[in-house]
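The sequence lines fix the lettering, A, B, ..., with proteins before strands; numbering per chain opens at 1.
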Amino acid sequence: MVFDSVTFWLFFGPLLLAWWIAPLGVAKALVLAGSLVFYGWWNPAYLPLVVGSAVVDYVAAGRIAASRSDRGRRAWLSISLASNLGLLAGFKYTPLLATDLGPLLGWQPSEGLFDEWVVPIGISFYTFQTMSYTLDVYRRQLAPARSFGDFLLYVAFFPQLVAGPIVRAKSFLPQLERAPRWNSSRFELGMYRCVEGLFLKMVVADNLAVVVERVFDGDVASFSSIAAWFGAIAFGAQIFADFAGYSGIAIGLAMMMGLRFPENFRAPYISAGLSEFWTRWHITLSSWLRDYLYISLGGNRGGALRTHANLMVTMLLGGLWHGASWTFVVWGGLHGLGLSIERLLRGKGRGQATVGRPHGGVACARRLAAIVVTFVFVHLTWVFFRAKDFTVAAEMLQRMFVAPFVGASGGVDVSFRFAVLLVPIILLHGAALCREWWGARTPAWLRGVAAGLMLAALVVVRRGEARDFVYFQF
Amino acid sequence: MASRRRIKGLPTALAALVSASALAAWDRATQDTWPTAGLESVNGERLLWIGAGLGPVGACGDLESSDVIVVGDSRVGHAVHLSIAGSLGLGRVATLWGGGAKTEHLLRALDELEPRGLVVALSALGLIGWQNQSVSESLRERNPAFEPENPPHVVGAWARKERAHLQQKGISEPVAKAALEWWIEAHRAARAQHLGSERLVDTDTIDATLAHRVDRWRTLVTQPIEPVEWGSAWFAAAAPRASDGVYRGLSAPEKATERSHEAERLGRRLVELRDRGWRIACVRLPSDPGLRVIEDSSGTGALVSGIAEGLGLPLLDFGAWPAAAGDGSHLHWRAADRVTRELARWLRGELGWRAP
C-alpha cells in the first residue's frame with residue numbers, strides 16, 4: 001500500500017478512529033494488524049521477513065541484556081547483525097554480485113535472469129531500524145523492550161515501515177507505553193504535513209520525473225548543455241520532493257496519532273557545506289551512519305588519516321545502501337571525498353561556521369557563495385545517483401561541464417515550462433531560510449491557505465503515470 | 001507581550017475554503033479552453049493478435065460477449081468510455097483499435113465472431129495505416145512470449161532480437177522502439193493482472209479500480225491538467241499541421257491513388273460483414289480544427305465520408321472540436337465522456353440499436 005493511493009486513505013481513516021477511541025492495548029493490536037496488512041498489500045509472501053527480523057532482534061536484545069559476559073553479549077549482537085545484514089545483502093546485492101563477480105568465477109548469468117528479482121520493499125529501512133535497537137541495547141543505552149507486541153509495532157509501524165524515517169527505539173518505544181494525548185493543534189499540523197507531502201510527491205515529484213526521464217533515459221549526448229543542467233537540477237528537485245514528501249506524510253500520520261517522529265529533511269539545498277548538507281538531508285540515515293558505523297570505526301579518535309578513512313568508508317557504504325550499483329558507490333565516494341576536503345579546509349581555519357544568520361556583507365556573500373558551491377556539487381553527484389550506468393553519467397557531465405567550453409553546447413532542449421514545478425521547493429527553502437536567519441514563523445492561517453492551494457493542485461494536476469516513491473527501490 | 005488567541009480549526013476551515021474557491025476559479029477560467037491529456041486509453045487494453053503477419057492491436061472489453069464493437073485507430077481507444085457506454089442501453093460495448101492501424105486489417109479480427117453491432121470510426125489514418133502496418137507486417141511471427149504467464153525477460157529478449165530485425169527491414173528506429181515499447185508495456189500490464197488474479201486478494205485491481213473512480217470524478221468536476229502536455233502546449237492546444245510526421249502522408253497528393261484503393265477495399269470488407277448480418281454504422285470522431293483541415297483539404301475527408309454514403313451506411317460526423325484533445329487528435333476524458341454519450345444517444349435514438 002502506498003500513501004498516494006486512494007486505498008491507503010480509506011484504510012487509514014477507520015484505523016485512526018480506532019486508535020483514538022479504543023483502549024490502548026486494543027488500539028495497539030489494531031494498528032499492528034493494520035501495519036501488517038499495509039505491508040502485505042504489496043505482497044504477503046514477504047511478511048515473514050519483517051516478523052522474522054523482529055523476532056531475531058527481540059530475542060537477541062533480550063539475551064544481550066541478560067548475558068553476564070562480554071563474549072556472550074558480542075555473540076548475540078553478531079547474530080543480530082549477521083541476520084539483518086545477511087537479509088539485506090542477500091536480497092539486495094545478489095544480482096550485482098552475480099553479474100559482476102560471476103564472470104570472474106567462471107559463471108555467466110543468462111541475460112534477463114534477474115529481471116524479476118524482487119527486493120522486498122522497506123528492507124533497507126527496517127533492517128537498519130532493528131539493528132539500531134540491538135546496538136543500543138548492547139551499548140547499554142537502552143533497556144530491551146518488555147513487550148514483543150510493542151517491539152513488533154515499532155518495527156512494522158506502517159507510517160515509517162517502507163521508507164523511513166529510521167526511528168530509534170529509545171525515542172519511540174516509550175511513546176507506546178501510555179495512551180497518546182489528544183491535541184487538536186498537533187492533529188491539524190499532522191494533516192497539513194500529509195497534504196504538503198502528497199503535494200510534493202504527486203504534483204511536484206511525479207511530474208518532474210517526466211523531464212528527468214527524458215534527459216537521463218534518452219539520448220543524453222543529443223541534449224543541449226542547458227537541458228542537461230536542467231535535467232540534473234530537476235532530478236535534485238524530484239528526489240527531494242519525493243523523499244521529503246514521503247517523510248512528511250509519515251511524520252504527519254504519526255502526529256495525527258499523537259506520536260512523534262524525528263524530522264528527516266531540513267531544507268537541504270540551503271546548506272553552506274557538505275557537513276551541513278548531511279545534517280539536513282535524510283537526517284535519520286546520516287545520524288544512523290554516524291552513530292553506528294562512523295563512531296564504531298573509531299570516528300575522529302584515531303588521528304587525521306584514520307578519520308578521513310572512516311569518513312570515506314562510511315560514505316561508500318552509505319552509497320551502497322542506496323542501491324546495488326557502482327554508480328551509487330561513486331556517489332557516496334564523492335561525498336566522502338568532499339567531506340574530507342571540507343574537513344581539511346575547516347581544520348586550517350579556511351572554513352567557517354554556518355549556523356544562524358551571517359552578519360555583515362562579506363559574511364553574507366561568503367555564505368551565499370558556499371550555498372551555491374554546495375548546491376552545484378550536490379547536483380553534480382546526483383548525476384551519478386540517477387544515471388543508470390557510468391556511460392550515461394559521463395555523457396551528462398560532458399554536456400554539463402565540457403560542452404559549453406568547447407563550443408559544442410547546442411542540441412535538443414526540453415520543455416522548460418516544467419521549471420514552474422521548482423517554485424514550491426524554492427518557497428519551502430526560502431521559508432526555512434527566513435526561519436533560521438530571522439526567526440520568522442509561518443502563521444497558522446498562512447498554513448491553512450497554503451494547504452488549500454495544495455489541495456486544489458492535487459485535484460487539478462493529474463499525473464500521467466503513478467510512480468513509486470523513489471526511495472522504495474532502496 | 002500580549003498572547004495571541006489561536007482560533008481552533010481556523011487553518012482547516014481556511015484550507016477547505018481556499019481549495020473550493022481555487023477549484024471553482026480554475027474551472028471557470030479554463031472551461032472548454034484547456035486541452036487536457038488524452039494520451040492514454042481510458043479503458044485499459046490487452047493485446048490482441050489479429051492475424052498472421054500482423055502485429056498486436058488493443059482490445060478493450062470482451063469482444064466475444066459484446067453487443068456492439070467500436071473499431072478504428074488509436075483515437076477510438078481514447079474516445080469511447082466503456083464504463084459509460086455499457087450503461088446507456090446499448091448492451092455490452094467493446095473497442096478494437098490499433099495505433100495507426102488500417103481499419104480494414106482490424107476488421108479481420110471480427111471474422112470469427114457472430115454478427116452484432118459494429119461502429120466503424122472512419123479516419124484518414126485508418127485508410128493508410130502506415131505505422132502499425134509497416135511494423136506489424138515486418139514481424140516474423142506472433143510470439144508466444146507475449147502470453148502473460150511469461151516473465152518480462154522472455155518478452156525483453158524477443159524485443160531485442162525483433163528490434164534489430166525491424167531495422168533491417170527499413171523501419172525507422174523511433175517507430176520500431178515505440179511499437180515494441182507499447183507491446184512490452186501492454187504485456188507488463190497483462191502479466192500484472194494475471195499475477196494479481198492468482199493472489200488471494202487482487203490488491204492491484206482494487207487499487208486501480210479506486211484510483212480510476214477518483215480520476216473519473218476529477219475529470220467531471222474540474223479541468224485536470226497533465227504537465228506532460230506542457231512539452232507541446234501551454235494555454236493552447238497543439239494544432240496538428242500537414243507537415244507533422246504523422247499527418248504528412250494524409251495530405252500527400254502522391255498517395256491519393258493508394259487512398260482510393262484502400263477506401264474501396266474497406267468498402268468491400270464492410271459489405272461482406274453487412275451481408276453476414278452485422279449491423280453497421282460509421283462515425284467520424286471529433287478532432288482539432290487543424291486536423292480537419294488537413295483531412296478535408298486533401299480530399300481524404302470526403303473519401304472516408306464517401307465510404308459510408310456509397311454503401312448507404314448511417315454516418316455520424318462529430319466535426320471539429322477545439323481544445324478537445326491535447327495533441328489535436330486523442331480526446332481528453334471530458335470530451336470522451338461527451339462523445340460516448342452522444343454516440344450512444346444516436347445509435348439508440350436514431351438507429352434503434354438496443355441492448356438485447
Side-chain contact, heavy-atom cut-off 4.5 Å: B:Val18 with A:Leu453?
yes
What's the shortest heavy-atom distance between [X] and [Y], and which atoms?
X        : Y        : value
A:Gly452 : B:Ser19  : O-CB, 3.1 Å
A:Glu188 : B:Gly9   : OE2-CA, 3.1 Å
B:Leu23  : A:Ala456 : CD2-O, 3.8 Å

Would you say B:Asp207 and A:Thr7 are linked by a side-chain donor-acceptor pair, where the criterion is simply a distance under 3.5 Å?
yes
Distance check, rounded to the nearest 0.5 Å: B:Leu210 atom CG versus A:Phe8 atom CZ?
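Going from the CG atom of B:Leu210 to the CZ atom of A:Phe8 covers 14.0 Å.
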Straight-line distance of A:Arg447 CZ to B:Leu10 CG, nearest 0.5 Å:
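Taking CZ in A:Arg447 and CG in B:Leu10, the distance rounds to 11.0 Å.
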Other residues, nucleotides, ligands: >12 heavy atoms within 6.0 Å of A:Trp20 CH2
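Result for CH2/A:Trp20: enclosed.
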Checking the side chain of B:Thr203 only, and the main-chain atoms of A:Trp41 only, is there a donor and an acceptor separated by less than 3.5 Å?
yes
Please state whether the side chain, the backbone, both or neither of A:Leu10 comes within less than 4.5 Å of a heavy atom of chain B.
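Side chain only.
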